[in-house]
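Every chain is numbered from 1 and lettered A, B, ... according to where its sequence line falls, protein lines coming before strand lines.
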There are 2 protein chains.
Amino acid sequence: MNILGYYPNVIARSLANRKTNTIGLIMPSFSDMLFINPFFPEALRGISSVLSENSYDILMSTNSKHKEELESIQKFIRGKRVDGIILMSSRVKDECIEFLKQSKFPFVVIGSSLEYNDINFVDNDNEKATYDITNYLIQKGCSNIALIAGSIDLVVTINRLSGYKKALQENDIQINNEYIVVGEFLEESGYISAKRLLSLENIPDAIIVADDIMALGVIKAIKEKNLKIPEDISIASFNNSILAKTSTPTLTSVDVNPLKLGMSAASILINSIDKNDKSKSLVVDYEIIFRDSTK
Amino acid sequence: MNILGYYPNVIARSLANRKTNTIGLIMPSFSDMLFINPFFPEALRGISSVLSENSYDILMSTNSKHKEELESIQKFIRGKRVDGIILMSSRVKDECIEFLKQSKFPFVVIGSSLEYNDINFVDNDNEKATYDITNYLIQKGCSNIALIAGSIDLVVTINRLSGYKKALQENDIQINNEYIVVGEFLEESGYISAKRLLSLENIPDAIIVADDIMALGVIKAIKEKNLKIPEDISIASFNNSILAKTSTPTLTSVDVNPLKLGMSAASILINSIDKNDKSKSLVVDYEIIFRDSTK
DNA sequence: CTGAAAGCGCTTACAG
DNA sequence: CTGAAAGCGCTTACAG
């Protein structure tokens with residue numbers, strides 16, 4: 001048939017056999033962090049490579065506001081445009097997860113849900129990662145450890161907060177709520193949050209930051225105060241982007257393995273569609289890369 | 001109808017009216033630079049926002065090798081899956097452009113073609129940008145100016161090379177082929193290319209680099225030689241990513257406005273589809289951001 | 001102007 | 001096992 005130049009009309013085929021061979025990718029809205037963050041292209045690369053091998057295409061949602069994410073999902077499902085959906089992030093009481101679960105439509109979350117265990121998801125053990133880092137800083141003699149987290153709506157923030165608190169408690173260090181700051185995944189936000197911490201009576205001797213970009217702002221604020229990193233204040237952050245390697249000082253940062261998160265998410269989803277697998281979750285290893293910003 | 005919970009089947013509609021309201025996005029293959037580069041997510045953001053406003057969705061190609069790009073295009077078109085196509089980069093004798101033009105299928109290129117003027121495209125004036133930078137460096141007293149470019153297959157490389165040569169010639173500076181190095185858009189490649197330049201008998205007093213990430217490698221090589229930036233060697237690069245702001249020293253870099261490139265590409269394509277517009281091209285302004293890596 | 005029929009290009013289930 | 005018909009869920013062109 002190929003010799004005759006025949007090529008099947010994919011749309012007609014989809015209509016007939018009720019299979020689109022397309023996965024809907026729900027992007028974080030642009031107001032959101034993930035777009036700037038190198039996490040996103042890496043995860044997309046992982047998703048794309050696995051879907052490609054399995055002859056699935058990607059239909060990307062084009063929403064600019066957070067509210068539009070659910071609308072995109074509904075549009076994709078009701079319009080019968082996709083066989084499954086990948087959510088790139090998860091929130092507390094996530095209405096997208098809620099809707100997808102209720103619809104019994106195949107989906108997978110990069111991240112996890114506080115409300116449901118019986119869904120497909122891939123995630124790091126963010127609680128343990130933050131627990132490990134906090135413990136490490138304590139081991140190195142820090143006792144006034146602050147946390148600059150991302151939005152409190154994000155499940156990842158809740159998990160990290162909980163790992164942070166757990167480590168402090170186990171080491172009999174009082175949790176100081178002034179040391180917990182919530183920000184956005186932007187350099188400016190890191191800067192502002194750090195300035196707040198540095199204006200406290202007891203300034204922290206270590207700061208854990210949710211993302212490398214934010215950490216750059218933190219470094220800036222600390223340098224402005226003429227404090228030394230890591231002598232006066234240690235910094236540890238997340239995502240191990242190229243910024244962590246190139247900043248001054250270089251940043252201790254957690255590699256969350258976005259490529260593997262993306263690949264795993266895609267393959268779990270495909271199995272759930274093609275083989276009707278039960279809900280499955282996977283914990284992807286993280287790795288703490290120690291650099292000059294910690295002792 | 002909405003009250004009754006009716007929602008049209010988009011697939012069926014597409015089959016009936018031969019319109020998918022979907023744009024195919026041909027991603028650069030992963031081996032390629034653009035994926036790591038912040039250029040890509042920004043351009044995607046621009047594309048996405050315009051398509052979203054016009055009720056178009058994005059079908060992303062999932063190719064991992066360069067050769068697969070053309071296959072993706074053929075699959076999209078023959079399968080009648082998209083109404084138009086956006087190419088994220090352009091090469092010399094680009095077979096994707098060739099095929100699309102021949103098929104008379106609506107498309108737009110982010111970048112330009114050396115072979116065709118009568119296609120839809122958006123691009124910076126890369127020749128002039130490089131011309132401007134080279135002139136600036138000459139004005140500041142540099143005369144041994146090197147160029148670390150990207151792949152020679154890319155049209156952007158050809159254009160920049162030509163702007164570089166033009167500025168040298170106009171200033172009666174001999175073009176030294178040893179000063180022209182071709183690399184990949186990776187830090188390591190910048191490092192290796194710079195080491196080569198620094199091993200020459202007459203080392204350059206200025207280096208123009210195709211991307212900030214590569215420039216980091218260049219900085220590293222120069223520091224290893226205990227040379228000073230910009231006193232001994234000036235550096236200027238492209239893309240004005242966050243790396244340019246945060247590296248030590250900070251980098252003079254060209255902001256190519258990827259957001260606008262993406263938005264313009266999308267709107268030109270939509271006009272070409274919906275209003276059957278003639279081929280149109282747009283030159284997007286660049287801006288040279290001067291920082292500490294140049295005098 | 002309205003409504004029923006034909007058609008988009010496939011797949012599937014069924015008659016032979 | 002093969003081949004023609006019915007059906008996927010819309011839109012479009014046409015008869016009334």
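For A/E53, the side chain to side chain contact (heavy atoms under 4.5 Å, CB included) criterion is met by no residue, not counting sequence neighbours. Here A/S241 pairs with A/P38, A/D212, A/L243 under the side chain to side chain contact (heavy atoms under 4.5 Å, CB included) rule; sequence neighbours left out. Partners of B/A12 by side chain to side chain contact (heavy atoms under 4.5 Å, CB included), not counting sequence neighbours, listed by chain and number: A/L15, B/N9. Applying the side-chain hydrogen bond (donor to acceptor under 3.5 Å, both in side chains) criterion to B/D94, with sequence neighbours excluded, gives no partner residue. In this structure, the side-chain hydrogen bond (donor to acceptor under 3.5 Å, both in side chains) partners of A/S112, at least two apart in sequence or on a different chain, are A/D123. In this view, A/N17 and A/R13, A/K19 satisfy the side chain to side chain contact (heavy atoms under 4.5 Å, CB included) rule, not counting sequence neighbours.
C/dG7 and D/dG16 have their P atoms separated by 16 Å, with the value rounded to a whole Å.
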- Query: How does protein contact run along nucleotides 1-9 of chain C, one letter per nucleotide 5' to 3', with B for base contact, S for sugar-phosphate only, - for none, heavy atoms under 4.0 Å?
  - Reply: ------BBB

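Whole-Å rounding puts the B/N21 CG to D/dT11 C1' distance at 14 Å.
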- Give the dot-bracket string for DNA chain D, reading 5' to 3', where a pair is Watson-Crick or G-U wobble with both distances under 3.5 Å, ( ) marks pairs inside the strand, [ ] marks pairs crossing earlier ones, | marks a partner on another strand, and . marks unpaired. |||.||||||||.|||

Show me the donor-acceptor pairs, under 3.5 Å and distance only, between side chains in residues 260-268 of chain B and residues at least two apart or in other chains.
{"from": "B/S264", "atom 1": "OG", "to": "B/K260", "atom 2": "O", "distance (Å)": "2.6"}
{"from": "B/S267", "atom 1": "OG", "to": "B/S264", "atom 2": "O", "distance (Å)": "3.4"}

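To the nearest 0.5 Å, the span separating CD1 on B/I97 from CZ on B/R91 amounts to 10.5 Å.
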